[in-house]
Amino acid sequence: MLLSFIVLFFVKCGSQQSNEGSQAQKKPNIIYILADDLGYGDLSCLGQQKFSTPNIDKLASEGMLFTQHYSGSTVCAPSRSTLMTGLHTGNTPVRGNRGKVVTASEGQHPLPASSYTVAELLKKQGYITGTFGKWGLGFPGSEGDPLKQGFDAFYGYNCQSLAHNYYPYHLWDNDSKIIITENEGTNEGAYGPDLIHEKTLEFIEENKDKPFFAYVPSVIPHAELKVPESYMERLREKFKEEKGFEGCDPGCKRYKTGGYGSQAEPRAAFAGMMTLLDEQVGEIVAKVKELGLEDNTLIVFTSDNGPHVEGGADLDFFDGNGILKGHKRDLYEGGIRVPMIARWIGKIKPGVTSDHISAFWDVLPTFAEISGAETPENVDGISFLPELLGKEQTKHEYLYWEFHEKGGRRAIRKGKWKVVAYDVKKEKPKPVELYDLDADPSEVNNVADVHPEIVEEALALMKRRTPSEIEGWNFD
């Protein structure tokens, strides 16, 4: 009897130690939530006064809030390309929203097969990978299809422009086109962001026992300004509209290819969309907690670029860029500086604010280090994992952006200095601007004449960048 007890004791202890060891060796889960056109001032933890974002604020209070984080670009597709590849817009394959259109209904120039994405990297490390929301880097069956770029699962919008409609006629479930019949001829049927959110939660639940990477590129709060009526009812009385937006309603040809729908109450709709997004973030966090994954899951929340002024959006009323100058399509701070929050219970100290200067192309090397992978050569990013863990952090020499629309735009951030060059593709470019962001984060005082040596240094760095292959793009 005594011998049996001793044997049973050691068997149970050995089993417990084995389970604990297995748990300790499990790679951390990663959930990366990417809002669409959410501005630096669109969160109440960063000063928003017209509505509140309590769940996102709580994420910040339980983790680290980055105050000088930058998107990959000032519009959607190139920003996501930098995120996936770890390459800034001088090097990443997709450098604009208006690249080569392969089909009229399914989107722009795709990521090439030669791209090495963060999803491919994590998949090689044993992660189950899924993306839920707006992809925008390759239509179904193309080489840029998410299923060909390292993702095991995809649900949502493949095309940039079709993601403008929140009551879509179809979504994609992996490589299957799902027709949403209740949305034909109406915008009161099945709300796309809700359908996508359900799939996100299912993915987390189904893969709770494996290391997973959930990339969640939400379509909120991009135009069009549409949200279920229950949210409008909650906010209608708070927001008195100055004027509505007349768009292209269901049934017209342009709506089927991405035209924004009409909205009589755009302010209430925008606040409702932000409220819904905040609640979805809260439900993702709650799901992680419910499954007992909090201590082994990094959750990141950010935005793909600055706030938009489309579809009836009232940027000035909501002060969506805060103190920053510019908005989407600008290379001023308001177009590219975005909130970033990182929460990892037990790893990241709660309630920390970081002024580390970072950008989307840092995400791939960061996730590589977290997963134990080697960082690929020739990426432009630097892992910010040391910053997350409170350790000594390597800093960028400079950050670089180029934007191919609006006459061509370039910008460099080097330390406290920001150099902005507009109309660089035109015969007569605008004078180069220089700002001291430490003293002037709103970019009010152009000091290019006072510090010509800083301007010259930045221009020299710009000329070192890889030339774009897009016709007519020349900065020399």
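Side chains included, hydrogens not; waters and symmetry mates left out as well; all remaining heavy atoms used.
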Just by distance, with hydrogens left out, do [X] and [Y] show a side-chain donor and acceptor under 3.5 Å apart?
X    : Y    : answer
T82  : H88  : no
Q149 : T117 : no
Y422 : E433 : no

Quiz item: Can you name the side-chain hydrogen bond (donor to acceptor under 3.5 Å, both in side chains) partners of K199, sequence neighbours left out?
Solution: none
Quiz item: Can you name the residues that form a side-chain hydrogen bond (donor to acceptor under 3.5 Å, both in side chains) with E294, not counting sequence neighbours?
Solution: R343
Quiz item: Could you go step by step and tell me if L201 and I284 meet the side chain to side chain contact (heavy atoms under 4.5 Å, CB included) rule?
Solution: CA-CA 7 Å; L201 297 179; I284 289 172; 4.1 Å; yes
Quick one: side chains of residues 440-453, donor-acceptor pairs under 3.5 Å with protein atoms, not counting sequence neighbours, listed by atom name and distance.
from: D440; atom 1: OD1; to: E443; atom 2: N; distance (Å): 3.3
from: D440; atom 1: OD1; to: V444; atom 2: N; distance (Å): 3.1
from: D440; atom 1: OD2; to: V444; atom 2: N; distance (Å): 2.9
from: D440; atom 1: OD2; to: N445; atom 2: N; distance (Å): 2.8
from: S442; atom 1: OG; to: I323; atom 2: O; distance (Å): 2.7
from: E443; atom 1: OE1; to: E333; atom 2: N; distance (Å): 2.7
from: E443; atom 1: OE2; to: K418; atom 2: NZ; distance (Å): 3.1
from: N446; atom 1: OD1; to: L434; atom 2: N; distance (Å): 3.0
from: N446; atom 1: OD1; to: A448; atom 2: N; distance (Å): 3.1

Rounded distance [0.5 Å steps], [atom1] in [X] versus [atom2] in [Y]:
X    : Y    : atom1 : atom2 : result
F213 : I370 : CZ    : CD1   : 10.5 Å
F51  : M273 : CZ    : CE    : 10.5 Å
D173 : I178 : CG    : CD1   : 5.0 Å
I336 : Y40  : CD1   : OH    : 13.0 Å
L34  : M340 : CG    : CE    : 12.0 Å
I299 : I30  : CD1   : CD1   : 11.5 Å

Any pair counted as salt bridge (charged side-chain N to carboxylate O under 4.0 Å, His left out), so long as it reaches [range], sequence neighbours left out:
range            : result
residues 37-46   : D37-K328
residues 276-285 : R234-E279
residues 126-152 : D36-K134, K123-D152

Using a 3.5 Å distance criterion without hydrogens, assess whether the side chain of [X] forms a donor-acceptor pair with backbone atoms of [Y].
X    : Y    : value
R80  : V94  : no
Q68  : S354 : no
T74  : D330 : yes
S44  : S52  : no
K416 : D436 : no
E224 : Y166 : yes
Q48  : K50  : yes
N296 : L293 : no
Q49  : G47  : yes
Y127 : A214 : no

Closest contact, heavy atoms only, [X] versus [Y]:
X    : Y    : answer
A342 : L298 : CB-CD1, 4.2 Å
N321 : G334 : CB-CA, 4.4 Å
P365 : S383 : O-CB, 3.6 Å
P221 : A35  : CD-CB, 4.5 Å
P339 : L46  : CB-CD1, 3.7 Å
T92  : L87  : CB-O, 3.3 Å

Quiz prompt | L399: side-chain contact (heavy atoms from CB on, under 4.5 Å) partners, not counting sequence neighbours | solution = Y70, I357, A359, W361, H396, W401, R413
Quiz item: How would you list, by chain and number, every residue that makes a side-chain contact (heavy atoms from CB on, under 4.5 Å) with P93, sequence neighbours excluded?
Solution: S81, T85, L111, P112, S115
Self-check item: Qualifying residues under salt bridge (charged side-chain N to carboxylate O under 4.0 Å, His left out), relative to E198, sequence neighbours excluded
Solution: none
Quiz item: Listed by chain and number, what are the salt bridge (charged side-chain N to carboxylate O under 4.0 Å, His left out) partners of D380, not counting sequence neighbours?
Solution: none
Neighbour count above 12 (heavy atom, 6.0 Å) for [X] [atom1]:
X    : atom1 : result
E397 : CD    : yes
K208 : NZ    : yes
K395 : NZ    : yes

Quiz prompt | Residue pairs involving residues 287-307 (criterion ring pair (Phe, Tyr, Trp, His ring centres under 6.0 Å); sequence neighbours excluded) | solution = none
Validation row: [X], [Y] side chains within 4.5 angstrom (heavy atoms):
X    : Y    : answer
L324 : Y332 : no
L388 : K347 : no
F403 : V75  : yes

Self-check item: Electrostatic pair D209:K26 at N-O distance under 4.0 angstrom
Solution: no
Exercise. Among Y157, W172, Y215, find the residue that satisfies the side chain to side chain contact (heavy atoms under 4.5 Å, CB included) test when tested with W135.
Key: Y215
Practice problem: Under the side chain to side chain contact (heavy atoms under 4.5 Å, CB included) rule, what do V285 and N55 come out as? Steps first, then yes or no, please. | Solution: CA-CA 9 Å; V285 174; N55 293 292; over 6 Å; no
Exercise. With side chain to side chain contact (heavy atoms under 4.5 Å, CB included) as the test, would you mind laying out the steps for Y32 and T302 before giving the verdict?
Key: CA-CA 8 Å; Y32 189 92; T302 189; 3.2 Å; yes
Quiz item: Relative to the ring of H164, is the ring of H222 parallel (under 30°), tilted (30 to 60°) or perpendicular (over 60°)?
Solution: parallel
Practice problem: Apply the test side chain to side chain contact (heavy atoms under 4.5 Å, CB included) to residues N305 and F360: give CA-CA distance (whole Å), side-chain angles for both, the deciding distance (0.1 Å), then the verdict. | Solution: CA-CA 10 Å; N305 46 248; F360 273 21; over 6 Å; no
Practice problem: Go through the structure and list residues passing ring pair (Phe, Tyr, Trp, His ring centres under 6.0 Å) with F384, not counting sequence neighbours. | Solution: F66
